[in-house]
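All figures in this text were calculated on a predicted structure; none of them were measured in a lab. In listed order, ligands and their atoms are each counted from 1.
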Amino acid sequence: MKIPANLTTFCPYCNKHTEHKVSNYSPGKRRSLAFGNVKFENKLKGHGGKRAGKKSVKKQGKRQVVVLTCSECSKKQMRVYIKTRTKKKIEVKR
Ligand SMILES: [Zn+2]
């Protein structure tokens, strides 16, 4: 699915419609030594038998998120473009 590189949409910071630049969202790298991650990895080790926290069902796709950057205040907002989980990928037209 292709979307245009520039959109006119509502900016909650300017409180009006402004031009926005569209870019792909890429999540940052997860810290492997963060407290929650260490705790979760220890949980997966388990004590034999069933492993608590281990997922048996894998999700089939992801929600496609884009980042909109306002041209006036240069604040960013994220928007889910396809509302359901899909395998379709978003392309930004250049
Ligand atoms: Zn703005």
Ignoring hydrogens and geometry, is there a side-chain-to-backbone donor-acceptor pair from Gln64 to Lys88 under 3.5 Å?
yes

To the nearest 0.5 Å, what is the distance between CD1 on Ile82 and CD1 on Ile90?
5.0 Å

Under 2.8 Å from the Zn ion (ligand 1), the protein N, O or S atoms found are Cys11 SG, Cys14 SG, Cys70 SG, Cys73 SG

Among all residues two or more places apart in sequence or in another chain, which pass the salt bridge (Lys or Arg N to Asp or Glu O under 4.0 Å) test with Lys16?
Glu72

Measure from the side-chain N and O atoms of Gln77 to the backbone N and O of Phe10, and report whether any donor-acceptor pair falls under 3.5 Å.
yes

Between atom NZ of Lys62 and atom CZ of Arg85, what is the distance when rounded to the nearest 0.5 Å?
8.5 Å

Taking Val22's backbone N and O only, do any of them form a donor-acceptor pair with Asn6's side chain (distance below 3.5 Å, no angle check)?
no

